[in-house]
Amino acid sequence: MQRDGIYADNFTYPFLLKACTGLKMVEMLHSQIEKNGFFSDIFVPNALIDSYSKFGGLGVKAALKLFVVMEDRDVVSWNSMISGLLKVGELGQARKLFDEMPERDMVSWNTILDGYVKAGEMEEAFDLFQKMPERNVVSWSTMLSGYCKAGDMDMARVFFDKMPAKTLVPWTIIISGYAEKGIVKEAIRLYDRMERYGLELDDAAVISILSACAESGLLALGVKVHSSIERLRFRCSVLVCNALVDMYAKCGSLDKAWSVFNRMEKRDLVSWNAMLHGFAMHGYGREALQIFSRMKKEGFQPDGVTFVGVLCACTHSGFIDEGVEFFYAMEKDYGIVPRIEHYGCMIDLLGRGGRLEEAFRLVHTMPFEPNEIIWGTLLAACRLHNAVELAEKVLDHLLELVPSDPGNYSMLANIFAAAGDWNNVASVRRRMKSIGVKKLSGASSIEIDDEVHEFTVFDKSHPKYDTIYQMIDRLRHDLKQVLHLKDTVIPVEVGEVVI
DNA sequence: TTAGGGTTAG
């Protein structure tokens, strides 16, 4: 049948609906369907609910409107509607529908279970899990993923070990979980076990594990995944390559990131952004800006993420004026309205560049309510330049937003300490004590030969601490020479702690 | 119709 240039029937509508890329398209098909009287088949309205639900609150509203007037509903209609509500965070309403269902299948249970898991309500999820009449690998994986996200790797492991049949998905979840937490040995051990198990990797598994490695700087596992990809002649999609570039860049292997990037047959905006950020983060400002011009030459339109990278590159390489110029060019030449992240970059740029007053002004004049990241950035800049008075003002704002963050107090104490104002250092400490804020000492870790070495302030627990501190002294000495400084205290960072 | 999926300031 042909109407308005569209050929479709009961069988093809679900496919067409699946391919919709916007709410308007779904609406158009919906009115076609109603006009053509193709509503008798349950697959069509079910597909409509599903497609509507892909497009946010408005879509879910439209789906609900349809769901309510449907004469026949099968379990899939209910499941789709519940899943749609969960996508927009309507857990309460989803639960109500779930309770009203005339019959439930495994998917219904798994869907509502995932709703609680995604909301971080693991106790309720556990309760549901126990009440389920039967469970499959999806139910187990849903719980597993919840515990991993909550950082409870002990419970995650219990569920992983106990689950009856493990597909690639639970393996991916637990390995990514360990990797994200920086539990290297277990992550690697399980990765090896998974490979021996003979499971075939797919895009999602590779991307998920690589991004977990990127997050915690876990190069060793990232390299393993990369060599599996090459050994298996895995079809390296743009997404997988992007994940590799990002992982290498975040783990500090810029040369590897660069070589993957260069060998990519096809690149998208994310590939360019990932490479640009890689250079920017590691202080290769010129290289980052070269990437920026090259991507434009090759026809890629920069987006907001690109400009975060560009501004970050300018900050970390000391290109203050250039950074300011890029910031104004964003909107004027590229039509990208700066978001709060961009203002954050600017405050960092100006602040680190010593233009603290300007940074402070920008915080007050920007069209966003400053958040704790903004104030935190400014506080760090005050610390860098020993701007005691400004730091106190900034801290007041910061404490309004996050009253009990120990890091902020420590930062202020450090600023007073650097200025030799020991009375105020003591007063900050007293203030922390009086409201019960405890300073957590920051720990940093590096990974050598699959072994993670962790450091805290004045840490002497490492077997080679002697050599380590000798090296720090040498670095401090060399830096002074290079920078032609005499009496300045050069902060040499060991982990997050300035010695 | 249900579990894992890329880039974003400090």
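Convention: sequence-line order gives letters A, B, ...; per-chain numbering from 1.
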Taking only side-chain N and O atoms of [X], does any of them lie within less than 4.0 angstrom of OP1 or OP2 on [N]?
X      : N      : result
A:H316 : B:dG10 : yes
A:R352 : B:dG10 : yes
A:K18  : B:dT1  : yes
A:K250 : B:dT8  : yes
A:S83  : B:dT1  : no

Lys/Arg N to Asp/Glu carboxylate O, A:K131 vs A:D127, below 4.0 Å:
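Yes, A:K131 and A:D127 are salt-bridged.
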Salt bridge between A:R361 and A:E358, side-chain N to carboxylate O under 4.0 Å?
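No salt bridge links A:R361 with A:E358.
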Over all strands shown, is [X] touching base, sugar-phosphate only, or nothing at heavy-atom distances under 4.0 angstrom?
X      : value
A:S176 : nothing
A:A380 : sugar-phosphate
A:I340 : base

Within this structure, what is the CZ-CH2 distance for the pair A:R135 and A:W140, rounded to the nearest 0.5 Å?
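Between A:R135 CZ and A:W140 CH2, I get 6.5 Å after rounding to 0.5 Å.
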Locate the shortest heavy-atom distance separating [X] from [Y]; write the atom from each residue and the value.
X      : Y      : value
A:L356 : A:A387 : CD1-CB, 3.5 Å
A:A187 : A:A179 : CB-N, 3.9 Å
A:V324 : A:L349 : N-CD2, 3.8 Å
A:C251 : A:L218 : SG-N, 3.7 Å

Closest to side chain of [X], choosing from [options]:
X      : options              : answer
A:N110 : B:dT2, B:dG10, B:dG4 : B:dT2
A:P170 : B:dA9, B:dG6, B:dA3  : B:dA3
A:I373 : B:dG5, B:dA3, B:dG10 : B:dG10
A:V270 : B:dT7, B:dG5, B:dT1  : B:dT7
A:A204 : B:dG6, B:dT7, B:dG4  : B:dG4
A:N273 : B:dG6, B:dT7, B:dT1  : B:dT7

Gap between atoms [atom1] and [atom2], on [X] and [N] respectively (whole Å):
X      : N     : atom1 : atom2 : answer
A:F43  : B:dT1 : CZ    : P     : 11 Å
A:L239 : B:dG4 : CG    : P     : 16 Å
A:D114 : B:dT2 : CG    : C1'   : 7 Å
A:L168 : B:dG4 : CG    : P     : 13 Å

What are the residues of residues 305-313 of chain A, sorted by number, that bring a heavy atom to within less than 4.0 Å of DNA chain B?
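Within residues 305-313 of chain A, the residues near DNA chain B are A:V305, A:V308.
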